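Start at 1 with the first residue, then count along the sequence. Being a predicted model, the structure only gives us computed values, none of them experimental.
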Amino acid sequence: MTAANDETYRGPLTLSIVVPMYNEEEALTALVTRLRPTLDGCGEPYEVLAVDDGSTDATARILEDLRVLWPQLRVVSLRRNSGHQAALTAGLHRAHGTYVVSIDADLQDPPEAIPQMLALARAQSLDIVYGVRADRSTDSVFKRRTAAAYYWLIRRLVGAHVPAQVGDFRLMSRPVLESLKALPDQQHVYRLLIPSLGFPSGQITYRREERVAGTTKYPVRKMLLLALDSITSFSAAPLRLATAIGALSLLVGFVFLAWTITIYTMGRTLPGWTSLVVTVLFFGAVQLFCLGLIGEYLARIYTAVQARPTYSVAHDTVEEHSR
């Protein structure tokens, strides 16, 4: 690396671009083709943190090859696959820029919007600029409807301060980043956590594009887990729901008790195997459901008490370069 490239890393940086990636070998060429000209055209010193989340394909090798021709590219490799939000955390915690932009490698969110985000943040003295998906016509009907249901539910449980149709494409200032770094090391859901900090924010809108290559890293199972994490991490509504169901079950129980006593006094009691089974199944299901909700919260308390790191960095090319 030349001395000029060394200054790229050691001098003051305006922009840090954090790109979590897992098995994105097919998308890397297209990503660089669009991201690098956009950042070079900003006229601002920058770095790109490619966080390799334990990829099993050629992603790590391709990134090392790209670094030869792109000195601003910085590779942070995790020891194992830790998940998208953990990889994002690793990148955010290691970013050096005055402003930090998080974006995925699949190019569904346009890199060309980054200069617009930076200009808006500076013009209006904003600490956060969200990328809002105003047009999701390239997504499947199932994806659009489940996303709409997710944001509808979250905004009602967590609060209207959570922007609708906002993913992990956003710009943050250094004060926001320092606030995030000060939080306990847990598995965060940033699309809900960042709005809750209360920093001045703005929005830009864009059309969500099709994935440039590869396959989605958010199948239905991970989407459901994200929804569950979002709800249980930011709302106690499920616990209140369990309480309400318990109260309703108690009311139903009193009704059954009154009905049983009434027919007994009228001498109309008969052996009722069916009613007994239905009653036992009903109350058993209610109890198990409520215990399951409580268990989800206890699991998160248990994880927080353990204080285990959400990710482990194998190497960072900046640190290797400084030695």
Is there a donor-acceptor pair closer than 3.5 Å between any side-chain N or O of [X] and the backbone N or O of [Y]?
X: E25; Y: A58; answer: yes
X: R211; Y: Q108; answer: no
X: N23; Y: S55; answer: no

TODO: I would like to know whether I194 and L180 meet side chain to side chain contact (heavy atoms under 4.5 Å, CB included); could you show each step before the answer?
DONE: CA-CA 8 Å; I194 292 173; L180 294 176; 4.2 Å; yes
Open item on the list: Pair L69, V32 - check side chain to side chain contact (heavy atoms under 4.5 Å, CB included), show working.
Closed with: CA-CA 11 Å; L69 300 175; V32 174; over 6 Å; no
Identify, with sequence neighbours excluded, every residue that meets side-chain contact (heavy atoms from CB on, under 4.5 Å) alongside [X].
X: D109; answer: I103, R133, F169, Y206, R208
X: A105; answer: V19, M21, E24, L31
X: A134; answer: T205

Open item on the list: Quick test of your reading: applying salt bridge (charged side-chain N to carboxylate O under 4.0 Å, His left out), list the pairs with at least one residue in residues 12-23, sequence neighbours left out, ordered by first then second residue.
Closed with: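 Listed once each, the pairs would be none.
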Return the set of residues passing side chain to side chain donor-acceptor pair (under 3.5 Å) with [X] (not counting sequence neighbours), or none when no residue passes.
X: R34; result: E112, E209
X: S16; result: E47
X: S179; result: none

Minimum heavy-atom separation for [X] to [Y], with atom names?
X: D53; Y: S82; result: OD1-N, 2.7 Å
X: P111; Y: T38; result: O-CG2, 3.3 Å
X: A27; Y: V212; result: CB-CG1, 3.7 Å
X: L73; Y: L63; result: CD2-O, 3.8 Å

Calculate, to the nearest 0.5 Å, the distance between atoms [atom1] and [atom2] belonging to [X] and [Y] respectively.
X: H93; Y: E178; atom1: NE2; atom2: CD; result: 9.5 Å
X: L92; Y: K181; atom1: CG; atom2: NZ; result: 9.5 Å
X: W70; Y: L35; atom1: CH2; atom2: CG; result: 4.0 Å
X: I17; Y: Q72; atom1: CD1; atom2: CD; result: 11.5 Å
X: I62; Y: T29; atom1: CD1; atom2: OG1; result: 6.5 Å
X: T98; Y: R174; atom1: OG1; atom2: CZ; result: 7.0 Å

Open item on the list: Walk me through whether V18 and L88 qualify under side chain to side chain contact (heavy atoms under 4.5 Å, CB included).
Closed with: CA-CA 7 Å; V18 177; L88 180 56; 4.0 Å; yes
TODO: Run the salt-bridge test on E64 and R67 with the 4.0 Å N-O cut-off and return the result as yes or no.
DONE: yes
Open item on the list: Applying salt bridge (Lys or Arg N to Asp or Glu O under 4.0 Å), can you list everything that pairs with D57, at least two apart in sequence or on another chain?
Closed with: none
- [ ] Using the side-chain hydrogen bond (donor to acceptor under 3.5 Å, both in side chains) rule, take D168 and Q85 through it: C-alpha gap first, then chi angles, then the decisive distance, then the call.
- [x] CA-CA 9 Å; D168 288 312; Q85 297 296 296; 3.0 Å; yes
For residues 119-129, which side-chain donor-acceptor pairs fall under 3.5 Å, sequence neighbours excluded?
| unit_1 | atom_1 | unit_2 | atom_2 | d |
| --- | --- | --- | --- | --- |
| R122 | NH1 | E44 | OE2 | 2.8 |
| R122 | NH2 | E44 | OE2 | 3.3 |
| D127 | OD1 | S173 | OG | 2.6 |

Task: Pairwise ring pair (Phe, Tyr, Trp, His ring centres under 6.0 Å) hits with a residue in residues 111-132, at least two apart - done: none
Task: D104 and H84: CA distance, side-chain angles, deciding distance, side chain to side chain contact (heavy atoms under 4.5 Å, CB included) verdict - done: CA-CA 9 Å; D104 290 336; H84 180 270; 2.8 Å; yes
Open item on the list: Suppose we screen for ring-ring contact (aromatic ring centres under 6.0 Å, His included). Which residues come up paired with Y99, at least two apart in sequence or across chains?
Closed with: none
Open item on the list: Side chains of Y22 and T59 only: does a donor on one sit below 3.5 Å from an acceptor on the other?
Closed with: no
